[in-house]
Enquirer: 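Questions regarding the structure given below will be posed in turn.
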Amino acid sequence: MLVLETAAKMQAFSKAQRADGKTIGFVPTMGYLHEGHLALMRKARELADVVVLSIFVNPTQFGKNEDLDKYPRDFDRDSKLADSVGVDVIFFPKPEEMYPAGYQTSISLANLPTVLCGKSRPVHFGGVATVCCKLFNIVQPHFAVFGKKDYQQFLVVGRMVKDLNMDLEIIGAPTVRESDGLAMSSRNVYLTPAQRAQAPALIEALRRAEKMVAAGHRDRDEILAEVRHIVESRPDARIDYVEMLKLPDLVDAAAQPAGAHLLALAVFFGKTRLIDNTVLEFGLAG
Ligand code: AMP
């Protein structure tokens, strides 16, 4: 497995692979890998001749008071894990390689970044879109795999690729969970044992909503109230948002929704903010 630290080396590698007729699958991450990340790499391994993983804690997607400096990092452990699932190259740039002096270009989307996580993290999705655009130009993949745990991110990146006619496919992969249903996240290590014990409230609430829809409930506010109630029953949980938005544009759900909707929640336990979501399929109206 190769580790490449400069954009020039990464681009030269990818150009040579493409000239050889090889397909390139790409998994962008911020590292501190867990099973959720590894599932994306396995998916890429299944589909592509060459698998590239990037590890880059992207400063431009963190707000001023967020956890950029204390975001967990362990490159040695990550590289062993990546090797174990057949990654061919880790692209591991330093911040100054990605944003050298004089850097001034960014990507912005009009609507998708303004809802859900974008409300409490106003700079986040612009930073995500910009770094993904850069990474796609550097790695030159035929496809990139994103986790649906970060569903809004998956939509933002997919929209950017479509809008800017980028020549790659975005593939979404299901959320990988701990045995008690908590979505795996590099940030779960921040939870105290008491908070960790309460964190499965998120999946419990989402599953309850899925059951309500399966049982024929159609009232948006009734479903949202039930979800809130389950989360709020945990003493340390503080809701950032619980929302139901229509896919794929994330516009407000009707009072009696029809079609596919994203039910998404963000919940603080202390300073740690956890997110999770599910797609609810309502029958068509009438
Ligand atoms: P991160 O390093 O947390 O920014 O995530 C890198 C990629 O891994 C993103 O596409 C995430 O959506 C994905 N990812 C993170 N956690 C999970 C999970 N539990 N299941 C599936 N994909 C995940």
Side-chain angles (χ1 to χ4, degrees), residues 25-47 51-63 66-68 70-75 77-79 81-82 85 87 90-93 95 98 112 116-117 121 123-136 139 141 143-161 168-191 196 199-200 202-203 206 262 264-267 272-279:
F26 178 40
V27 179
T29 76
M30 300 205 298
Y32 212 69
L33 303 178
H34 52 63
E35 270 304 315
H37 300 117
L38 297 182
L40 308 186
M41 291 171 223
R42 289 193 191 100
K43 180 88 194 160
R45 183 70 283 163
E46 243 171 73
L47 299 173
V51 176
V52 178
L53 162 73
S54 66
I55 298 181
F56 181 58
V57 182
N58 174 39
T60 67
Q61 71 190 65
F62 287 77
E66 293 182 359
D67 56 346
L68 173 62
K70 71 168 184 129
Y71 195 84
R73 295 161 166 92
D74 189 343
F75 184 77
R77 181 174 160 275
D78 286 352
S79 59
L81 287 170
V85 291
V87 166
I90 303 182
F91 178 53
F92 183 51
M98 294 296 275
L112 281 177
L116 302 177
C117 289
R121 306 187 73 190
V123 302
H124 180 67
F125 289 108
V128 166
T130 301
V131 80
C132 285
C133 176
K134 285 175 65 67
L135 288 168
F136 295 163
V139 175
F143 62 85
V145 190
F146 285 81
K148 290 188 181 172
K149 187 214 150 208
D150 301 281
Y151 208 101
Q152 189 175 10
Q153 167 171 282
F154 166 63
L155 291 174
V156 163
V157 173
R159 188 74 239 178
M160 170 184 76
V161 163
L168 78 157
E169 188 188 342
I170 301 301
I171 296 175
T175 302
V176 177
R177 300 179 178 282
E178 303 287 355
S179 55
D180 61 4
L182 176 65
M184 288 192 181
S185 164
S186 306
R187 289 190 169 98
N188 290 350
V189 296
Y190 299 153
L191 297 169
R196 175 63 188 82
L202 279 78
I203 186 64
L206 294 172
L262 186 71
L265 59 167
V267 179
T272 305
R273 186 171 168 280
L274 302 181
I275 58 171
D276 207 343
N277 68 76
T278 188
V279 174

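The figures here come from the full heavy-atom set of this structure, side chains too, leaving out hydrogens, waters and symmetry mates. In each ligand, atom 1 is the first atom listed, and ligand 1 is the first ligand listed.
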Enquirer: Looking at atom 20 (N) of ligand 1, what's its closest protein heavy atom, distance included?
Expert: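 Here the nearest protein heavy atom works out to V176 N, 2.8 Å.
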Enquirer: Can you check whether F136 reaches F26 side chain to side chain, under 4.5 Å on heavy atoms?
Expert: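 In contact.
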Enquirer: Provide the closest heavy-atom pair for I55 versus G31 in the form atom of the first, atom of the second, distance.
Expert: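 Result for this residue pair: CG2-CA, 3.7 Å.
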Enquirer: Looking only at distances, can you tell me whether any N or O atom of A173, backbone or side chain, sits closer than 3.5 Å to an N or O atom of ligand 1?
Expert: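 For ligand 1, there is no N or O atom that lies under 3.5 Å from one belonging to A173.
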Enquirer: Please check whether M30 reaches ligand 1 - meaning an N/O of the residue sits under 3.5 Å from an N/O of the ligand, judged on distance alone.
Expert: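 Looking only at distances, the answer is yes, because the N/O contact criterion of under 3.5 Å is met.
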Enquirer: Would you say the side chain of M98 lies within less than 4.5 Å of the side chain of L135, judging by non-hydrogen atoms?
Expert: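 Yes, side chains in contact.
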Enquirer: Going by heavy atoms in the side chains, are I90 and S79 under 4.5 Å from each other?
Expert: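 Yes, at least one pair of side-chain atoms sits under 4.5 Å.
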Enquirer: T29 heavy atoms, cut-off 4.0 Å: which ligand 1 atoms fall inside?
Expert: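 That gives atoms 2 (O), 6 (C) of ligand 1.
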Enquirer: Taking D67 first and then R273, would you say they form a salt bridge - that is, a charged N and a carboxylate O separated by under 4.0 Å?
Expert: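 R273 and D67: not salt-bridged.
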Enquirer: Under 30°, 30 to 60°, or over 60°: which ring-plane class applies to F92 and F75, parallel, tilted or perpendicular?
Expert: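 Ring orientation of F92 relative to F75: parallel.
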Enquirer: Give the atom numbers and elements of ligand 1 that come within less than 4.0 Å of a heavy atom of M184.
Expert: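 So the answer, numbered in order with elements, is 16 (N), 17 (C), 18 (C), 19 (N).
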Enquirer: Among G147, G31, P28, which residue places a heavy atom closest to atom 22 (N) of ligand 1?
Expert: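 The option holding the nearest heavy atom is G147.
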Enquirer: Could a heavy atom of H34 be found less than 4.0 Å from some atom of ligand 1?
Expert: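 Heavy atoms of H34 do come under 4.0 Å of ligand 1.
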Enquirer: Decide whether an N or O pair under 3.5 Å exists between F146 and ligand 1.
Expert: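 There is no such contact.
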Enquirer: Give the residue, atom name and distance (to 0.1 Å) of the protein heavy atom nearest atom 21 (C) of ligand 1.
Expert: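 So the nearest neighbour among protein heavy atoms is P174 O, 3.5 Å.
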Enquirer: Which heavy atom of the protein is the closest neighbour of atom 1 (P) of ligand 1, given with residue, atom name and distance?
Expert: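 I find the closest protein heavy atom is H37 NE2, 3.6 Å.
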Enquirer: Of the protein's non-hydrogen atoms, which lies at the shortest distance from atom 9 (C) of ligand 1, and what is that distance?
Expert: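 Nearest protein contact, heavy atoms only, for atom 9 (C) of ligand 1 is Q153 NE2, 3.7 Å.
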Enquirer: About how many Å separate CZ of F125 and CG of D150, when rounded to the nearest 0.5 Å?
Expert: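 Atom-to-atom, D150:CG and F125:CZ are 7.5 Å apart.
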Enquirer: Does the side chain of H37 reach to within under 4.5 Å of the side chain of S186, using non-hydrogen atoms?
Expert: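 Yes - at least one pair of side-chain heavy atoms lies under 4.5 Å apart.
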Enquirer: Should the proximity of A39 to ligand 1, defined as any heavy atom under 4.0 Å, be assigned to the side chain, the backbone, both, or neither?
Expert: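 It is neither; nothing of A39 touches ligand 1.
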Enquirer: Starting from atom 13 (C) of ligand 1, which protein heavy atom do you reach first, and at what distance in Å?
Expert: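 Nearest protein contact, heavy atoms only, for atom 13 (C) of ligand 1 is L40 CD1, 3.6 Å.
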Enquirer: May I ask you to test the L182-R196 pair for a side-chain heavy-atom distance under 4.5 Å?
Expert: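 Yes, close enough: below the 4.5 Å cut-off.
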Enquirer: Under 4.0 angstrom from ligand 1, any heavy atom of R177?
Expert: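 It does not, in that no heavy atom of R177 comes within the 4.0 Å cut-off of ligand 1.
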Enquirer: Answer yes or no: does atom NZ of K43 have more than 12 heavy-atom neighbours from other residues, nucleotides or ligands under 6.0 Å?
Expert: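 No, the 6.0 Å shell around NZ holds no more than 12 heavy atoms from other groups.
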Enquirer: What about D150: any of its N or O atoms under 3.5 Å from an N or O on ligand 1?
Expert: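 Between D150 and ligand 1, an N or O pair is found under 3.5 Å apart.
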